[in-house]
Amino acid sequence: DSLKQTERADVPAGDNLNPGNLQLVSKLKNPSGSCSVDVGAVWWEIAGVKQPCIVTACEYAVSLWKPLGPGQWREMYSWLFTEVPVLQIVSMPDVYNLVCVALGNLEIREIRALLCSSDGESEKQVLLSSGNIHAVLGLTERRLVSSSRTLCDQQVEIITFAEDGGSQGKQFLMPPEETVLTFAEIEGMQEALLGTTIMNNVVMWNLNTGQLLRKMHVGDSYQASICHKAYSEMGLLFVVLSHPCAKERGPSGSPVFQLIAVNPKTALSVDVMLYYLPQGQAGRFLEGDVKDNFAAAVLTSGAIAIWDLLLGHCTALLPPISDQNWSFVKWSGTDSHLLAGQKDGNIFVY
Amino acid sequence: CSQADLGPISINWFEELSSEAPP
């Protein structure tokens, strides 16, 4: 049914929205004086028990916070970087006792695994990859995919690493001609990988063989789309995209997220659902995260908006707190929390 | 839009594309 028309679901007026669906459960303050850049969640074994921990990243420090009690967190480990600043935390779907981070200035120069020593007494870090890296994604089964540019061409490689962060193997995928911007796994298909390119194509690989299977153009309405989630159903591929480069246009603006259906056999695609801001709200996508049926985005207005992808409309709007715009937002991979951060180091857990 | 816009659909698209694509 969802393919019969491009839905423009009922959009509640902005003043009906509030963060009521979101309950603030705790807040933590990154003590580092440098600018906060990212947040994430990871399972970490502490005294023989795996616990859902929070990872915060500032420009020159990454910290692991363990839960102390309701609403309370204690900084347990801190990895420091003196030369190259941290750009992002790279979430690894099924890994514990290890955090991956991307370091660089405008572009990623290094990807490192952050761990602690076997006695748990000291932090350590392992260099996994270096170069002019454009895109990186943590995959299931301790794999990490990245694309990088050399003088002549583009390399797309998969690193498999061991529990101690050491590299176990490297595999190259056939690179497309265009620069890859983002990667996404296809849910339930560990042998398949998607990427989006700078020319607004979705490309697909077979991870077992390294073959580049398809290049599928997904329209000229938006450039440089980001792929957040993909799943295959009944012979079609459903892909959730966002559009950081979309211009604000028309009375409703541009959609922040978009669900498309692609036929991999023909490379033809159609819009299934467009996810707009509530009426009266301005802004476009800055950065965001999708988990299960929920999408969250930091907007240029400084607010965070949340969509139920099945209902089709925005279900919560989180305005800036204490006159501080939101900078980044992530769904926790360890529980049902939303992690929202501000540049000054405040992290709010909803 | 209808499924006709997307052309013929195959449930085994991944295997079929893998057998057609250059190694």
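Chain A is the first sequence line, chain B the second, and so forth, proteins listed ahead of strands; every chain is numbered from 1.
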Value for CZ (Phe14(B)) from CE (Met189(A)), rounded to nearest 0.5 Å, stands at 5.0 Å
Honestly, the part of Glu233(A) sitting under 4.5 Å from a heavy atom of chain B is neither
Run the numbers on Leu237(A) and Trp13(B) for side chain to side chain contact (heavy atoms under 4.5 Å, CB included), then give the verdict. CA-CA 10 Å; Leu237(A) 195 59; Trp13(B) 59 266; 4.2 Å; yes
Note to self: Working note: Leu6(B) + Leu236(A), criterion side chain to side chain contact (heavy atoms under 4.5 Å, CB included); need CA distance, chi angles, decisive distance, verdict.
What the structure shows: CA-CA 9 Å; Leu6(B) 293 168; Leu236(A) 293 176; 4.0 Å; yes
### Query
Side chain of Asn263(A), backbone of Pro8(B): donor and acceptor closer than 3.5 Å?
yes
Listed by number, the residues in residues 140-152 of chain A that come under 4.5 Å of chain B (heavy atom to heavy atom) are none
For Met199(A), does the CE atom have more than 12 heavy-atom neighbours from other residues, nucleotides or ligands under 6.0 Å away? no
Quiz prompt | Within 6.0 Å of CD in Glu191(A), more than 12 heavy atoms from elsewhere | solution = yes
Taking a cut-off of under 4.5 angstrom between non-hydrogen atoms, the residues of residues 202-216 of chain A near chain B are Met204(A), Trp205(A), Asn206(A), Gln211(A), Leu212(A), Leu213(A), Arg214(A)
So NZ of Lys265(A) and CG of Leu17(B): to nearest 0.5 Å the spacing works out to 5.5 Å
